[in-house]
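Heavy atoms only: backbone and side chains are in, while hydrogens, waters and symmetry mates are out. Letters A, B, ... are given to chains in the order of the sequence lines, protein chains preceding strands, and every chain is numbered from 1.
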Protein chains: 2
Amino acid sequence: MKEENSYEQIRSLFTGYMTDCKLRKTPERYAILECIYHFTGHFNAEMIYQKLVVNFRVSLATVYNTFEHLETCKLIIRHQFGGKLTQYEKAFGTQIHNHLVCTQCKNIKEFTDKQLRIAIQTKTFSKFDISHYSLYVYGTCSKCKEKIVSIQ
Amino acid sequence: MKEENSYEQIRSLFTGYMTDCKLRKTPERYAILECIYHFTGHFNAEMIYQKLVVNFRVSLATVYNTFEHLETCKLIIRHQFGGKLTQYEKAFGTQIHNHLVCTQCKNIKEFTDKQLRIAIQTKTFSKFDISHYSLYVYGTCSKCKEKIVSIQ
DNA sequence: TTTGTTGCAAAACGTTTGCAGCCTC
DNA sequence: GAGGCTGCAAACGTTTTGCAACAAA
């Protein structure tokens with residue numbers, strides 16, 4: 001898999017998208033992209049805003065606005081794992097993966113499964129163009145299993 | 001698949017759950033369950049509330065409260081298909097199915113795939129107890145594809 | 001009688017919007 | 001210079017909470 005995407009590569013992808021859509025290339029948008037690039041794991045608008053606002057003048061509204069564009073050009077993927085919180089993750093420099101969601105502690109673990117991926121991706125729908133997919137597997141993680149056992 | 005679950009069967013499942021958890025068997029909870037039983041397709045708290053309130057004294061808060069219990073005892077499944085709205089569906093009397101979500105018009109179609117279902121369900125995780133799963137496939141539906149073509 | 005559950009209204013929360021000013025093109 | 005984008009604050013819609021009254025056990 002393409003594990004090595006430099007910031008410059010990602011940035012030029014975003015620039016290309018903005019040019020195509022006649023969007024303006026503002027410093028805010030690049031700052032948000034760069035912040036996401038250096039971020040590990042899942043994030044939301046508030047988290048990126050908090051990280052940036054320390055030494056950069058941005059507003060939450062701009063973060064939301066930029067996320068929308070990043071989502072359409074597939075640089076980030078939006079998730080909603082049961083809670084009300086919308087979470088995102090980078091869609092570059094990472095393998096396609098699925099999510100194990102613990103319904104007790106809400107923790108999320110990732111897993112990859114080549115067979116599953118192929119099964120989903122090769123499925124064709126006569127009247128539907130697939131863009132991407134999300135598989136969420138819900139259950140109880142090992143830590144919470146222990147807790148339940150110890151209570152009984 | 002078990003396509004024939006009478007309301008009485010479902011009701012007694014719920015009763016059993018409430019007994020086990022030492023919850024009170026209130027008329028409101030049964031009214032909400034019955035309303036859901038007769039509902040087709042996806043629904044949310046507001047929809048059930050609106051249907052019930054016509055000839056029954058309930059509050060939205062109670063609907064939310066009851067949904068939480070119905071979710072834990074797996075009589076309903078919670079979904080969040082990208083939008084901010086939380087949607088639910090019955091988890092009885094229906095086949096396990098996946099969702100095709102159109103990113104343009106937000107319409108949702110269901111599809112079943114036995115092979116996929118088996119592939120997911122037989123996947124075992126050493127430290128994780130699977131309860132259920134949701135597969136969302138995002139893309140563009142036929143109607144929206146036409147629109148895009150006609151614009152260009 | 002006890003205390004879980006209710007309706008109601010207010011609050012909370014994440015997200016969106018309206019607008020005047022700014023800055024990219 | 002035009003108008004897309006910004007920050008700010010107010011508004012929004014869904015969900016949660018606090019509380020006194022109610023009713024299941």
Side-chain angles (χ1 to χ4, degrees), chain A residues 11 14-35 42-73 76 78-89 103 106, chain B residues 11-12 14-35 42-73 76-88 106:
Chain A
R11 185 189 160 107
F14 192 35
T15 303
Y17 166 78
M18 289 193 286
T19 306
D20 291 348
C21 297
K22 294 182 176 53
L23 296 169
R24 292 195 177 162
K25 300 160 195 77
T26 67
E28 288 84 0
R29 288 178 175 163
Y30 284 120
I32 291 163
L33 179 70
E34 194 178 350
C35 186
H42 299 109
F43 55 85
N44 59 38
E46 182 67 31
M47 285 158 79
I48 298 301
Y49 169 71
Q50 288 299 344
K51 271 212 140 192
L52 274 175
V53 85
V54 178
N55 43 26
F56 192 83
R57 191 166 182 260
V58 240
S59 70
L60 240 190
T62 301
V63 176
Y64 277 108
N65 172 313
T66 305
F67 275 18
E68 225 164 88
H69 293 306
L70 289 171
E71 202 190 340
T72 1
C73 70
I76 61 175
R78 168 198 279 239
H79 290 290
Q80 283 174 277
F81 304 110
K84 71 198 107 173
L85 219 117
T86 304
Q87 291 187 277
Y88 293 85
E89 66 180 358
T103 49
K106 314 290 176 195
Chain B
R11 186 189 159 105
S12 73
F14 192 36
T15 303
Y17 167 79
M18 289 192 288
T19 306
D20 292 347
C21 296
K22 296 182 175 53
L23 296 168
R24 290 190 181 166
K25 299 161 195 76
T26 67
E28 289 83 359
R29 286 179 176 163
Y30 284 119
I32 290 163
L33 179 69
E34 195 179 350
C35 185
H42 299 110
F43 54 85
N44 59 40
E46 181 68 31
M47 285 158 80
I48 298 301
Y49 169 72
Q50 288 299 343
K51 272 212 140 191
L52 274 175
V53 86
V54 178
N55 43 25
F56 193 83
R57 191 167 182 261
V58 241
S59 68
L60 238 188
T62 301
V63 176
Y64 277 108
N65 173 315
T66 305
F67 274 18
E68 224 163 89
H69 293 307
L70 289 172
E71 201 190 340
T72 8
C73 70
I76 60 175
I77 294 174
R78 170 199 278 240
H79 289 290
Q80 282 173 280
F81 304 108
K84 71 198 106 176
L85 219 117
T86 303
Q87 291 187 276
Y88 294 85
K106 314 290 177 195

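- One can place CG of B/Asn44 at 11 Å from C1' of D/dG13, the figure rounded to the nearest angstrom.
- For A/Gln80, the side-chain contact (heavy atoms from CB on, under 4.5 Å) partners are A/Arg78, A/Thr86, B/Gln80, not counting sequence neighbours.
- Distances shorter than 4.0 Å separate none of the side-chain N or O atoms of A/Thr86 from OP1 or OP2 on C/dG14.
- To the nearest angstrom, C1' of D/dT6 lies 11 Å from CZ of A/Phe56.
- B/His79 meets the side-chain hydrogen bond (donor to acceptor under 3.5 Å, both in side chains) test with B/Glu89, B/Tyr136; sequence neighbours excluded.
- When rounded to the nearest whole Å, the span between CZ of A/Phe43 and C1' of C/dG14 equals 16 Å.
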Listed pairs, N/O of protein and of nucleotides 22-25 of chain D, under 3.5 Å:
{"residue": "D/dA25", "atom": "OP1", "partner": "B/Lys25", "partner atom": "N", "Å": "3.3"}

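- D/dT14 atom C1' lies 11 Å from atom CD of B/Gln80, rounded to whole Å.
- In this structure B/Leu85 satisfies the side-chain contact (heavy atoms from CB on, under 4.5 Å) test together with B/Asn44, B/Gln87, sequence neighbours excluded.
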Show each protein N/O and nucleotides 8-13 of chain C N/O combination with a separation under 3.5 Å, one pair to a line.
none

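- Note: CE (A/Met47) to C1' (C/dT15) measures 17 Å, nearest angstrom.
- Across A/His42 and A/Phe81, no two heavy atoms sit closer than the pair NE2-CZ, 4.0 Å.
- In this structure, A/Glu68 atom CD and D/dC5 atom C1' are separated by 14 Å, rounded to whole Å.
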Would you tabulate the side-chain donor-acceptor contacts of residues 45-54 of chain A under 3.5 Å, counting partners in other chains and residues two or more places apart, or write 'none'?
{"residue": "A/Glu46", "atom": "OE2", "partner": "A/Gln50", "partner atom": "NE2", "Å": "2.7"}

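- Shown here are the side-chain hydrogen bond (donor to acceptor under 3.5 Å, both in side chains) partners of B/Ser59, two or more places apart in sequence or in another chain: B/Thr62.
- Aromatic ring pairs are classed by plane angle as parallel below 30°, tilted from 30° to 60° and perpendicular above 60°; the pair B/His69 and B/Tyr17 is tilted.
- The distance between atom CG of A/Leu60 and atom P of C/dG18, rounded to the nearest whole Å, is 18 Å.
- For A/Phe67 and C/dG14, the CZ to P distance is 14 Å, given to the nearest whole Å.
- Closest to the B/Tyr64 side chain, of the nucleotides D/dT14, C/dT6, D/dT6, is D/dT14.
- With sequence neighbours left out, A/Thr15 forms a side-chain contact (heavy atoms from CB on, under 4.5 Å) with A/Arg11, A/Thr19, A/Lys25, A/Tyr30.
- Within 4.0 Å (heavy atoms only), B/Asn65 reaches sugar-phosphate atoms of the nucleic acid but no base atom.
- For A/Thr103, the side-chain contact (heavy atoms from CB on, under 4.5 Å) partners at least two apart in sequence or on another chain are A/Tyr138.
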